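Protein chains get the first letters and strands the later ones, always in sequence-line order, with residue 1 at the start of each. Nothing here was measured: the structure is a model prediction, and the numbers come from that model. Quick note: numbers below take in every heavy atom, side chains included, and nothing from hydrogens, waters or symmetry partners.
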Amino acid sequence: MDYNFKDIESKWQQHWAENNTFKTEIDHSKPKFYCLDMFPYPSGAGLHVGHPEGYTATDIICRFKRANGFNVLHPMGWDAFGLPAEQYAIQTGTHPAITTQKNCDTFRRQIQSLGLSYDWKREINTTDPNYFKWTQWIFIRLFNTWFDAEQNKGRDISELWIPEDIQAEGSTAIQNYIGSKRLAYYDNAQVWYCRNCKTVCANEEVLNDGSHEKCGTKEVERRYLKQWMLRIPHYAERLLDGLDQLDWPEGVKDMQRNWIGRSTGAEVDFKIDGLDKNLRVYTTRPDTLFGATYMVVAPEHELVHEITTPDQQEAVKAYVLGAALKSDLDRTDLAKGKSGVFTGRHAINPINGTKIQIWVADYVLMGYGTGAIMAVPAHDTRDFEFAQTFDIPIICILDPKNAPDEVRVKVLNGEACWTEDGAYINSSNNEIGIDINGLSKEEGIATVTSWLEASNLGKATINYKLRDWLFSRQRYWGEPFPVIHWEDGEVSVLDDSELPLPLPEVEKYMPGETGESPLSNAGEWLIVTDKNGRKGRRETNTMPQWAGSCWYYLRFTDPTNNEEPFSKIAENYWMPVDLYVGGAEHAVLHLLYSRFWHKVLFDLGIVSTNEPFQKLFNQGMILAFAYETASGSKVPSDQVEEREGKYFSTVTGEELHQIVAKMSKSLKNVVNPDDVVINYGADSLRLFEMFIGPLDATKPWTENGVKGVYNFLRRVVAFFGETTNISEGEESKETLKILHQTIRKVSDDVRDMKFNTAVSQMMVFTNHCYKVGKVNHQTAVTFFQVLAPFAPHVAEELWELYGNTSVLSFHPWPVFNEGYLTEDTFEYPISFNGKVRFKIEFPVDMPAAEIEKAVLTHAHTEKWIEGKAIAKIIIVANKIVNVVVK
RNA sequence: GCCCGGGUGGCGGAAUUGGUAGACGCGCUGGACUCAAAAUCCAGUGAUAGCAAUGUCGUGUGGGUUCGAUUCCCACCCCGGGUACCA
């Protein structure tokens, strides 16, 4: 029988679609399994071969789980808000909704051509008002929630207790107080703004030379813009704790822990000399206070101007202006020299009364701690370098007792920096009765901290790197905020009954000159009047793309619900997601943001689980060949020709170097799966995506390999499609053994997500069939069942050919029988001093003593002993024999 | 710099409670079929020496532990990803 994949695949895809084979309903009689792919952004370029890698893996697991009796939820949707559709709209005037619709259609067609068993009745789209209605609904919940630190949970704002002194100040004070507690708040935020792109950009987008990565211009500047922010740090502790119970790659957990960046230390107040003010710093090492010889405040610190003495004002002002133009990357580049300027002012070190200089330096960032530090140059490399540059005293307080003498002497004299542990010296003050000399590090920290607290100079503090989440964008193609700014200054959210607040039609999609969102052109949409005639203006920012992806996994449980985001029954049945598969690039942002939203919803009783994603698996990136010239510039793949294994530019004729790189439009090395499907079929594509290497490895795409798996499928069809290859009666022992090895290996490998070796085991089985020439009917259909999750079209076709009338997709998984795998004999490798020389077959239960005797009397043995003495013989049952000779 | 991965034939990769390195596939070589080619089927394919039997070498480099190391330990080199003066 020929392998006519075109007919087979269209036949079965049609069958599954017409019969709603993979439609999923709640079924309490079965265990549930919720298997989720990170839903794609439907870009105009269509699918590339990287997408189906994860999708195939989850599809195999879903089909495997169905065969093992699970009720499987396997949905797909579109994360369809985003910049490309908007930029296309700016260029062409085409409404982003039209572009998006087109791209979704392409993606759906491409994904459906792969025979993935999604329940398409559950398809969702983040740009659909029926979806973003509920995104807005959740935003309202965030706005109306405060975090109760005592109970360690979010609570409704109506339950917020207002201190009496605030109440006494009147309604404005009360509103401000409530606003300061909401998880979502509106405030000035310092952001990078690109005048060319007319958008805010990320720190990472601002390069060291001060140019904007995306457009290449140097039109970036720091600006204050009114922005929506979310108080994610309030959930830092919960987000940290939750990680322990998750079945996630340890690396991803570590990245999240580092991102949250919890540290313990103390806040310490330093008196400012000559001013009735304190300068508060955060330090993780309060015990090193005796070594603090100067202080630094960030250029953005609110006290900079006040601290600076008149004669230093000019220098400080210039320095602050310069720092504002630098990127964070630039400011924090270790390779660059330290810069700073003296404020002319001193502070008093509280622990020893010493006057120490206060400097302004941009290596201190406003976004972390209090924006001011105490510097201990003897024991911090940055501070040491700074102190050396500006000739500031360096006092050693940690004696590196175990260091080599020459190092120790330098450290003790303040000529070298010592950042490891040491014995305290110079760390006592009789006047205030504090002495930590001789104590351990932990005792030192505890002693100084309790002294600070007792003296009302400071307190133990926990700090996080995690910062408030900037949650608004000056763009058109995003969810509108359900917010009104009233003329009297009140900011209110819409009532649930007013949702969805749709996007207005606008003439131009370009942001305003002042950095205002395109929605500021929306005319009547903007203007609101309440029943008392008070006028208001709608919020013109839109939500970031994260918003839609923060909760889509919940909507999949009940995607068409118009009364609520999802029903309690559906959420209860399906959550949490049992397996979540996607790229590692989302290790921190998406996966942290959605955990945050989920925990808020959990606190409000809207979801029943504390964490959304029980198991996470990161698939590796699929790379493709790209070409570069000797000077390193990249050449598009359609301008390359191959001659005798070498590569040349068709434009310049220059010889090119083949490299492996991420698929990208600019390199023109994006591989579209459609070509593979047309030439080899969906089953071959699926199989190859799995066979190319381990799922979590980064690997290059080469189409040559597709031939291998295509050939495998062709041989399967050729062999099993021929009735003369099917024997009557009992199956041979040898075939049963390989069949059951295959059942076991494929089952184990699917469970462990090692799909590449599962495929090779099926190839081994097929090779065996060709070798023996005939297998029986039962062997054949059992193999079809094992093959089905990987190559479902071929498997269904053969299954039907063998007389089965019900679809294979829900047929129970075959049981493997250990009995067929047992062996009577084992072929022992006989090694001498660890080198295998020959082999002898012995019964598996042969006693060691008899094996030893047999080995020593064997004809080949003498040659390897050659008169030397036998020191010992090691016999590992059914593994190896090693003879040690001397 | 730090953190996390990784380094195995011409190529993708397999093998770890330490026990036969290179499964499976691509490519390549030879054979069968064919007028011929393609496709297919069969056989071979780590390097090196040899007609061969077989020997020697071989999992980034150098050491170590062990009867035995791709696997464990130490030092180093290279590649990929993340991150960055975090006090």
Interface with RNA chain B, restricted to residues 711-719 of chain A and to heavy atoms under 4.0 Å
A:Asn711, A:Arg714, A:Arg715
Rounded to whole angstrom units, what separation is found between the CD1 atom of A:Ile260 and the P atom of B:A84?
15 Å
Determine the Euclidean distance between corresponding C1' atoms of B:A14 and B:U70; express it in Å to zero decimal places.
12 Å
B:G6 to B:G60 separation - P atoms, rounded to the nearest Å:
13 Å
Taking 4.0 Å as the cut-off, does a side-chain nitrogen or oxygen of A:Asn258 come that near to OP1 or OP2 on B:C2?
no
Residue pair A:Asn833/A:Ala372 against RNA chain B: nearer the 5' end by closest nucleotide is A:Asn833
A:Leu398: which residues meet the side-chain contact (heavy atoms from CB on, under 4.5 Å) condition with it, sequence neighbours left out?
A:Arg285, A:His379, A:Tyr424
Which residue in the set A:Val706, A:Val676, A:Val759 passes side chain to side chain contact (heavy atoms under 4.5 Å, CB included) when paired with A:Phe688?
A:Val706
Ring pair (Phe, Tyr, Trp, His ring centres under 6.0 Å) partners of A:His301, counting only residues at least two apart
none
It should be established whether A:Lys465 places a side-chain nitrogen or oxygen under 4.0 Å from OP1 or OP2 of nucleotide B:C86.
no
Whole angstroms only, please: what is the CD-C1' distance between A:Gln619 and B:G81?
15 Å
On a whole-Å scale, what distance lies between the P atoms belonging to B:U54 and B:U45?
13 Å
Residue A:Tyr770, side-chain atoms from C-beta onward, closest of B:C86, B:C42, B:A87
B:C42
Between B:A47 and B:G58, how far apart are the P atoms? Round to whole Å, please.
16 Å
Annotated structure of RNA chain B as dot-bracket, pair cut-off 3.5 Å, Watson-Crick or G-U only, | for inter-strand, is (((((((..(((......[....)))((((((.......))))))((((....))))..(((((..]....))))))))))))....
Could you list all N or O pairs between the protein and nucleotides 52-60 of chain B that sit under 3.5 Å apart?
{"residue": "B:U56", "atom": "OP2", "partner": "A:Arg837", "partner atom": "NH1", "Å": "3.1"}

I need a per-nucleotide contact map over nucleotides 4-22 of chain B, read 5' to 3'. Cutoff is protein heavy atoms under 4.0 Å; write B for the base, S for backbone only, - otherwise.
--------BSSS---BB--
B:C86 P sits how many Å from A:Glu267 CD, rounded?
18 Å
Check whether any side-chain N or O of A:Thr370 sits under 3.5 Å from a backbone N or O of A:Arg280 as a donor-acceptor pair, and report yes or no.
yes
Once you round it to whole Å, what is the distance between C1' of B:C24 and CZ of A:Phe688?
13 Å
Go through the steps for A:Tyr680 and A:Phe5 under the test ring-ring contact (aromatic ring centres under 6.0 Å, His included), then give the verdict.
CA-CA 8 Å; A:Tyr680 299 98; A:Phe5 59 84; 7.7 Å; no
Heavy atoms only, 4.0 Å cut-off, all strands: where does A:Asp383 land among base, sugar-phosphate and nothing?
nothing
Please enumerate all residues that pass side-chain contact (heavy atoms from CB on, under 4.5 Å) together with A:Thr389, with sequence neighbours excluded.
none
Report the residues that fulfil side-chain contact (heavy atoms from CB on, under 4.5 Å) with A:Ala718, sequence neighbours left out, ordered by chain and then residue number.
A:Tyr770
When you check the gap from the basic side-chain N to the acidic O, do A:Asp244 and A:Arg257 get nearer than 4.0 Å?
yes
Grab the CG-P distance between A:Asn463 and B:A87 for me, whole Å please.
9 Å
With sequence neighbours excluded, residues passing ring pair (Phe, Tyr, Trp, His ring centres under 6.0 Å) with A:Phe765:
A:Phe783
Nearest-Å distance once atom C1' is located in both B:G46 and B:C42:
23 Å
Sticking with atom C1', work out how far B:A36 lies from B:A32, rounded to a whole angstrom.
15 Å
Please state the P separation for the pair B:C4 and B:A75 - nearest whole angstrom.
14 Å
By side-chain contact (heavy atoms from CB on, under 4.5 Å), which residues pair with A:Asn4, not counting sequence neighbours?
A:Lys6, A:Asp7
Which residues pass the side-chain hydrogen bond (donor to acceptor under 3.5 Å, both in side chains) test with A:Asp380, not counting sequence neighbours?
A:Arg382
Taking for each residue the nucleotide of RNA chain B with the nearest heavy atom, is it A:Tyr710 or A:Gly261 whose nucleotide lies nearer the 5' end?
A:Tyr710
Less than 4.0 angstrom from a charged side-chain N to a carboxylate O is my criterion; do A:Lys774 and A:Glu722 meet it?
no
Rounded to whole angstrom units, what separation is found between the NZ atom of A:Lys872 and the P atom of B:U66?
10 Å
With the 90 degree cut-off around zero defining syn, does B:G63 come out syn or anti?
anti
Can we say A:Lys745 and A:Asp748 salt-bridge, meaning some charged N sits less than 4.0 Å from an Asp/Glu carboxylate O?
no
Once you apply a heavy-atom cut-off of 4.0 Å, does A:Lys707 come out as touching a base, just sugar-phosphate, or nothing?
sugar-phosphate
Quick one: does any side-chain atom of A:Arg686 pair with a main-chain N or O of A:Phe790 as donor and acceptor, under 3.5 Å?
yes
Salt-bridge present (A:Lys253, A:Glu250; N to O < 4.0 Å):
yes
In whole angstrom, what separates A:Ile873's CD1 from B:G68's P?
15 Å
Roughly how far apart, to the nearest Å, are B:C33 and B:G19 at atom C1'?
45 Å
Tell me which donor-acceptor pairs under 3.5 Å the side chains of residues 871-882 of chain A have, and how far apart each pair is, sequence neighbours excluded?
{"residue": "A:Asn878", "atom": "OD1", "partner": "A:Tyr828", "partner atom": "OH", "Å": "3.4"}
{"residue": "A:Asn878", "atom": "ND2", "partner": "A:Val844", "partner atom": "O", "Å": "3.4"}
{"residue": "A:Asn882", "atom": "OD1", "partner": "A:Ser831", "partner atom": "OG", "Å": "3.0"}
{"residue": "A:Asn882", "atom": "OD1", "partner": "A:Asn833", "partner atom": "N", "Å": "3.4"}
{"residue": "A:Asn882", "atom": "OD1", "partner": "A:Gly834", "partner atom": "N", "Å": "2.9"}

Distance in angstrom units between A:Tyr680 OH and B:C26 P, rounded
11 Å
